[in-house]
Amino acid sequence: MNKDLVSIITPSFNSSRFISDTIQSVLAQDYINWEMLIVEDCSSDTSVEIINKFIEKDSRIQLIVLDINVGAAEARNIAIKKSKGRYIAFLDSDDIWLPKKLSIQIQFMVENNYGFTFSSYNIMNENGQLIPKAIYVPMSIDYNGYLKNTIIGCLTVVIDKEKVGCFEMPIIKSSHDMALWLLIMKRGYKAYGIQENLATYRLVSTSNTAKKIEAAKDVWKVYREIENLNVFKSFYCFLCYTFFAIMKRTYLFQLFFVHRKPI
(Lines give C-alpha, C1' and ligand atoms only; values in the text may rest on other atoms or scores of the structure.)
Protein backbone atom coordinates (compact mmCIF):
# COMPACT_ATOMS: atom_id res chain seq x y z
CA MET A 1 0.00 0.00 0.00
CA ASN A 2 1.10 3.59 -0.63
CA LYS A 3 3.13 4.92 2.29
CA ASP A 4 3.53 8.59 1.33
CA LEU A 5 3.76 11.11 4.16
CA VAL A 6 0.50 12.52 5.52
CA SER A 7 0.63 16.00 7.07
CA ILE A 8 -2.01 16.46 9.77
CA ILE A 9 -3.07 20.09 10.28
CA THR A 10 -4.29 20.98 13.79
CA PRO A 11 -4.96 24.53 15.02
CA SER A 12 -4.98 24.85 18.81
CA PHE A 13 -6.49 27.57 20.98
CA ASN A 14 -7.18 26.91 24.66
CA SER A 15 -7.45 23.22 23.86
CA SER A 16 -6.11 21.76 27.13
CA ARG A 17 -9.39 19.94 27.86
CA PHE A 18 -9.31 17.86 24.68
CA ILE A 19 -5.92 18.03 22.93
CA SER A 20 -4.63 14.87 24.65
CA ASP A 21 -7.50 12.81 23.23
CA THR A 22 -6.89 14.30 19.79
CA ILE A 23 -3.17 13.51 19.78
CA GLN A 24 -3.76 10.03 21.20
CA SER A 25 -6.12 9.28 18.32
CA VAL A 26 -3.35 10.19 15.87
CA LEU A 27 -0.77 8.10 17.72
CA ALA A 28 -3.20 5.17 17.50
CA GLN A 29 -3.29 5.24 13.69
CA ASP A 30 -2.16 2.04 11.98
CA TYR A 31 -0.83 4.21 9.14
CA ILE A 32 2.44 5.40 10.68
CA ASN A 33 3.99 7.70 8.08
CA TRP A 34 2.57 11.01 9.25
CA GLU A 35 3.59 14.34 10.72
CA MET A 36 1.25 16.31 12.97
CA LEU A 37 1.65 20.08 12.81
CA ILE A 38 -0.07 21.76 15.75
CA VAL A 39 -0.30 25.55 15.55
CA GLU A 40 -0.63 27.08 19.02
CA ASP A 41 -2.63 30.29 18.58
CA CYS A 42 -1.78 32.19 21.79
CA SER A 43 -3.66 30.05 24.30
CA SER A 44 -4.01 31.18 27.91
CA ASP A 45 -4.28 27.64 29.29
CA THR A 46 -1.83 24.73 29.59
CA SER A 47 -2.12 23.54 25.97
CA VAL A 48 1.57 24.09 25.19
CA GLU A 49 2.75 22.09 28.20
CA ILE A 50 0.45 19.19 27.30
CA ILE A 51 1.54 19.16 23.66
CA ASN A 52 5.24 19.32 24.58
CA LYS A 53 4.89 16.19 26.70
CA PHE A 54 3.75 14.30 23.61
CA ILE A 55 6.55 15.81 21.50
CA GLU A 56 9.12 14.47 23.98
CA LYS A 57 7.87 10.95 23.21
CA ASP A 58 7.19 11.22 19.46
CA SER A 59 9.11 13.45 17.05
CA ARG A 60 6.40 13.17 14.40
CA ILE A 61 4.46 15.78 16.40
CA GLN A 62 5.55 19.37 15.78
CA LEU A 63 4.46 22.50 17.62
CA ILE A 64 4.34 25.94 16.01
CA VAL A 65 3.81 28.65 18.63
CA LEU A 66 2.45 31.97 17.37
CA ASP A 67 3.20 35.38 18.92
CA ILE A 68 -0.22 36.81 18.10
CA ASN A 69 -3.66 35.25 17.78
CA VAL A 70 -4.51 34.80 14.09
CA GLY A 71 -7.59 32.55 14.15
CA ALA A 72 -8.17 29.04 12.88
CA ALA A 73 -7.99 29.77 9.13
CA GLU A 74 -4.58 31.46 9.22
CA ALA A 75 -3.29 28.94 11.77
CA ARG A 76 -4.16 26.15 9.33
CA ASN A 77 -2.50 28.03 6.48
CA ILE A 78 0.71 28.42 8.49
CA ALA A 79 0.78 24.66 9.06
CA ILE A 80 -0.03 23.90 5.43
CA LYS A 81 2.92 26.04 4.29
CA LYS A 82 5.28 24.18 6.65
CA SER A 83 3.93 20.74 5.78
CA LYS A 84 6.10 18.21 3.95
CA GLY A 85 3.55 15.52 3.13
CA ARG A 86 1.98 14.60 -0.17
CA TYR A 87 -1.35 14.30 1.63
CA ILE A 88 -2.92 17.02 3.79
CA ALA A 89 -5.38 15.92 6.48
CA PHE A 90 -7.30 18.13 8.88
CA LEU A 91 -8.06 17.44 12.53
CA ASP A 92 -9.22 20.03 15.06
CA SER A 93 -7.91 19.99 18.61
CA ASP A 94 -11.19 18.73 20.11
CA ASP A 95 -12.00 15.98 17.57
CA ILE A 96 -10.65 12.44 17.23
CA TRP A 97 -9.94 9.87 14.53
CA LEU A 98 -10.68 6.16 14.56
CA PRO A 99 -7.51 4.00 14.42
CA LYS A 100 -7.85 2.95 10.76
CA LYS A 101 -8.85 6.37 9.50
CA LEU A 102 -5.71 7.16 7.54
CA SER A 103 -5.03 3.64 6.25
CA ILE A 104 -8.57 3.25 4.91
CA GLN A 105 -8.68 6.72 3.38
CA ILE A 106 -5.24 6.71 1.76
CA GLN A 107 -5.87 3.27 0.27
CA PHE A 108 -9.24 4.52 -1.04
CA MET A 109 -7.49 7.47 -2.71
CA VAL A 110 -4.67 5.42 -4.22
CA GLU A 111 -6.87 2.64 -5.57
CA ASN A 112 -9.34 5.07 -7.17
CA ASN A 113 -6.88 7.83 -8.16
CA TYR A 114 -8.80 10.43 -6.13
CA GLY A 115 -7.32 13.76 -5.06
CA PHE A 116 -9.98 14.95 -2.59
CA THR A 117 -11.83 12.68 -0.16
CA PHE A 118 -13.92 12.82 3.01
CA SER A 119 -15.92 10.38 5.11
CA SER A 120 -18.91 9.87 7.36
CA TYR A 121 -18.33 10.58 11.04
CA ASN A 122 -19.74 10.14 14.51
CA ILE A 123 -20.74 12.87 16.97
CA MET A 124 -19.94 13.08 20.67
CA ASN A 125 -20.73 15.58 23.40
CA GLU A 126 -18.19 17.63 25.35
CA ASN A 127 -17.60 14.74 27.74
CA GLY A 128 -16.73 12.33 24.95
CA GLN A 129 -20.00 10.38 25.05
CA LEU A 130 -21.22 9.29 21.62
CA ILE A 131 -24.52 10.78 20.50
CA PRO A 132 -26.75 8.22 18.73
CA LYS A 133 -26.55 10.09 15.45
CA ALA A 134 -23.92 10.01 12.74
CA ILE A 135 -23.32 12.19 9.71
CA TYR A 136 -23.49 10.08 6.55
CA VAL A 137 -22.04 11.34 3.31
CA PRO A 138 -22.73 10.90 -0.42
CA MET A 139 -20.36 8.87 -2.58
CA SER A 140 -19.30 12.08 -4.33
CA ILE A 141 -20.17 15.74 -4.58
CA ASP A 142 -19.16 18.48 -7.03
CA TYR A 143 -19.04 22.28 -6.92
CA ASN A 144 -22.70 22.94 -7.66
CA GLY A 145 -23.81 20.22 -5.29
CA TYR A 146 -21.64 21.47 -2.46
CA LEU A 147 -22.89 25.04 -2.80
CA LYS A 148 -26.27 23.72 -1.69
CA ASN A 149 -25.13 21.09 0.81
CA THR A 150 -22.08 21.66 3.02
CA ILE A 151 -21.84 18.00 3.99
CA ILE A 152 -18.05 17.72 4.15
CA GLY A 153 -16.69 17.49 7.71
CA CYS A 154 -13.28 19.16 7.98
CA LEU A 155 -12.04 16.48 10.40
CA THR A 156 -12.53 13.83 7.70
CA VAL A 157 -10.86 15.51 4.72
CA VAL A 158 -7.66 14.30 3.06
CA ILE A 159 -6.27 16.09 -0.01
CA ASP A 160 -3.53 14.91 -2.37
CA LYS A 161 -1.39 17.97 -3.13
CA GLU A 162 0.22 16.27 -6.12
CA LYS A 163 -3.18 16.09 -7.79
CA VAL A 164 -5.00 19.28 -6.75
CA GLY A 165 -2.01 21.63 -6.42
CA CYS A 166 -1.22 24.16 -3.70
CA PHE A 167 -4.00 25.74 -1.68
CA GLU A 168 -4.80 27.75 1.43
CA MET A 169 -7.94 28.67 3.35
CA PRO A 170 -9.64 32.05 2.84
CA ILE A 171 -9.38 34.19 5.97
CA ILE A 172 -12.87 34.29 7.48
CA LYS A 173 -13.83 33.38 11.06
CA SER A 174 -15.86 30.28 10.24
CA SER A 175 -16.76 28.45 7.02
CA HIS A 176 -13.18 28.89 5.76
CA ASP A 177 -13.08 25.14 5.21
CA MET A 178 -16.23 25.37 3.09
CA ALA A 179 -14.59 28.12 1.01
CA LEU A 180 -11.49 25.96 0.47
CA TRP A 181 -13.46 22.92 -0.64
CA LEU A 182 -15.28 25.12 -3.18
CA LEU A 183 -11.95 26.49 -4.40
CA ILE A 184 -10.64 22.99 -5.06
CA MET A 185 -13.89 21.90 -6.70
CA LYS A 186 -13.73 24.92 -9.03
CA ARG A 187 -10.47 23.47 -10.32
CA GLY A 188 -12.53 20.55 -11.59
CA TYR A 189 -12.14 18.08 -8.73
CA LYS A 190 -15.03 16.24 -7.13
CA ALA A 191 -14.88 15.23 -3.47
CA TYR A 192 -15.37 11.49 -2.97
CA GLY A 193 -17.02 10.17 0.18
CA ILE A 194 -16.31 7.09 2.25
CA GLN A 195 -19.53 5.88 3.86
CA GLU A 196 -17.72 4.33 6.83
CA ASN A 197 -17.45 6.48 9.97
CA LEU A 198 -13.75 7.27 10.36
CA ALA A 199 -13.77 10.12 12.87
CA THR A 200 -15.71 11.61 15.77
CA TYR A 201 -16.72 15.26 15.95
CA ARG A 202 -17.03 16.84 19.38
CA LEU A 203 -19.90 19.27 19.97
CA VAL A 204 -18.35 22.03 22.07
CA SER A 205 -20.42 25.01 23.19
CA THR A 206 -17.59 27.48 22.61
CA SER A 207 -16.72 26.36 19.07
CA ASN A 208 -17.53 28.50 16.02
CA THR A 209 -19.73 25.76 14.60
CA ALA A 210 -21.90 25.86 17.71
CA LYS A 211 -22.67 29.53 17.03
CA LYS A 212 -25.23 28.83 14.37
CA ILE A 213 -26.15 32.41 13.51
CA GLU A 214 -22.52 33.46 13.13
CA ALA A 215 -21.76 30.39 11.02
CA ALA A 216 -24.79 31.07 8.80
CA LYS A 217 -23.59 34.64 8.23
CA ASP A 218 -20.23 33.33 7.09
CA VAL A 219 -21.88 30.86 4.71
CA TRP A 220 -23.72 33.81 3.17
CA LYS A 221 -20.40 35.68 3.00
CA VAL A 222 -18.85 32.76 1.10
CA TYR A 223 -21.67 32.88 -1.45
CA ARG A 224 -21.61 36.62 -1.98
CA GLU A 225 -18.01 37.75 -1.40
CA ILE A 226 -15.87 34.71 -2.21
CA GLU A 227 -17.92 32.84 -4.81
CA ASN A 228 -19.44 36.09 -6.15
CA LEU A 229 -22.89 34.59 -6.62
CA ASN A 230 -25.76 36.97 -7.33
CA VAL A 231 -28.28 37.56 -4.57
CA PHE A 232 -30.90 35.26 -6.10
CA LYS A 233 -28.58 32.27 -6.49
CA SER A 234 -27.11 32.98 -3.05
CA PHE A 235 -30.58 32.93 -1.51
CA TYR A 236 -31.46 29.68 -3.29
CA CYS A 237 -28.21 28.00 -2.19
CA PHE A 238 -28.68 29.28 1.36
CA LEU A 239 -32.19 27.81 1.55
CA CYS A 240 -30.81 24.46 0.34
CA TYR A 241 -27.92 24.70 2.81
CA THR A 242 -30.37 25.29 5.67
CA PHE A 243 -32.57 22.38 4.59
CA PHE A 244 -29.66 19.94 4.32
CA ALA A 245 -28.14 21.14 7.60
CA ILE A 246 -31.32 19.92 9.28
CA MET A 247 -31.84 16.89 7.06
CA LYS A 248 -28.30 15.50 7.29
CA ARG A 249 -28.83 14.51 10.92
CA THR A 250 -31.94 12.52 10.13
CA TYR A 251 -32.68 9.03 8.87
CA LEU A 252 -34.11 10.52 5.67
CA PHE A 253 -30.67 11.83 4.74
CA GLN A 254 -29.23 8.36 5.19
CA LEU A 255 -31.81 6.90 2.84
CA PHE A 256 -31.26 9.63 0.27
CA PHE A 257 -27.46 9.62 0.13
CA VAL A 258 -25.68 6.59 1.53
CA HIS A 259 -26.32 4.07 -1.22
CA ARG A 260 -26.34 6.49 -4.15
CA LYS A 261 -23.93 6.03 -7.03
CA PRO A 262 -21.22 8.70 -7.50
CA ILE A 263 -22.49 11.97 -8.95
Side-chain angles (χ1 to χ4, degrees), residues 11 70-77 90 92 95 115-121 123 131 133-157 159 164-165 167-193 195 201-263:
V70 298
E74 183 58 27
R76 288 187 176 111
N77 287 341
F90 297 92
D92 283 354
D95 298 329
F116 180 10
T117 63
F118 61 112
S119 78
S120 300
Y121 58 95
I123 302 175
I131 295 171
K133 289 183 181 179
I135 304 301
Y136 293 97
V137 301
M139 294 181 71
S140 70
I141 194 165
D142 61 9
Y143 176 81
N144 287 318
Y146 189 65
L147 279 173
K148 301 187 289 289
N149 181 13
T150 58
I151 186 61
I152 299 173
C154 187
L155 74 162
T156 74
V157 167
I159 298 170
V164 307
F167 56 83
E168 63 180 30
M169 290 192 168
I171 306 302
I172 54 178
K173 191 169 184 180
S174 66
S175 300
H176 39 270
D177 52 344
M178 170 192 177
L180 175 58
W181 314 152
L182 288 169
L183 172 67
I184 293 172
M185 289 173 181
K186 280 195 292 187
R187 296 177 182 177
Y189 296 96
K190 291 181 182 179
Y192 291 92
Q195 277 67 57
Y201 173 81
R202 192 188 303 266
L203 284 174
V204 181
S205 59
T206 56
S207 67
N208 285 335
T209 49
K211 300 175 183 177
K212 301 302 182 185
I213 295 177
E214 185 175 325
K217 288 180 179 178
D218 270 346
V219 169
W220 181 260
K221 187 174 183 179
V222 169
Y223 292 148
R224 296 288 288 140
E225 298 180 19
I226 297 179
E227 297 307 308
N228 296 313
L229 304 181
N230 64 49
V231 67
F232 299 106
K233 186 168 183 179
S234 296
F235 185 67
Y236 169 68
C237 289
F238 190 81
L239 285 177
C240 293
Y241 152 78
T242 303
F243 170 74
F244 280 117
I246 297 169
M247 187 180 172
K248 74 181 181 181
R249 289 175 172 82
T250 69
Y251 181 65
L252 287 175
F253 185 83
Q254 236 183 104
L255 292 176
F256 183 72
F257 273 129
V258 175
H259 300 297
R260 295 185 71 193
K261 294 180 179 180
I263 297 170

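Everything numeric here is computed off the predicted structure, so don't read it as measured data. Side-chain atoms are counted along with the backbone in the values below, which use heavy atoms only and exclude waters and symmetry mates.
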Requested in this report: Go through the steps to decide whether F238 and Y241 satisfy the test ring pair (Phe, Tyr, Trp, His ring centres under 6.0 Å), and finish with yes or no.
Outcome: CA-CA 5 Å; F238 190 81; Y241 152 78; 5.5 Å; yes
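Heavy atoms from other residues, nucleotides or ligands lying under 6.0 Å from NZ of K217 number 12 at most. K148 NZ: more than 12 foreign heavy atoms inside a 6.0 Å radius.
How far CG of N228 is from OH of Y223: 14.0 Å, rounded to the nearest 0.5 Å.
Under a 3.5 Å cut-off, the side chain of S120 and the backbone N or O of Q195 do form a donor-acceptor pair. R224 places no side-chain N or O within 3.5 Å of a backbone atom of S234 that could act as its donor or acceptor partner. The backbone N or O of K221 lies less than 3.5 Å from no partner atom in the side chain of D218, so there is not a single donor-acceptor pair. Proximity of a side-chain donor or acceptor of T156 to a complementary backbone N or O of F118 within less than 3.5 Å is not detected.
With a 4.5 Å cut-off on side-chain heavy atoms, I172 and I226 count as touching. Put simply, the side chain of H176 does not reach to within 4.5 Å of the side chain of I171, judged on heavy atoms. The shortest side-chain heavy-atom distance between Y201 and I135 does not fall under the 4.5 Å cut-off. The shortest distance between side-chain heavy atoms of F167 and L180 falls below 4.5 Å. Looking at F90 and M169, their side chains come closer than 4.5 Å, going by heavy atoms from C-beta outward. You'll find the side chain of P11 reaches within 4.5 Å of the side chain of D92, heavy atoms only.
Taking the side-chain contact (heavy atoms from CB on, under 4.5 Å) definition, one finds that K233 meets it with N144, L147, L229, N230, C237, sequence neighbours left out. With sequence neighbours excluded, the residues satisfying side-chain contact (heavy atoms from CB on, under 4.5 Å) with Y146 are I141, T150, I152, M178, W181, L182, M185. Not counting sequence neighbours, E225 has no partner by the salt bridge (charged side-chain N to carboxylate O under 4.0 Å, His left out) test.
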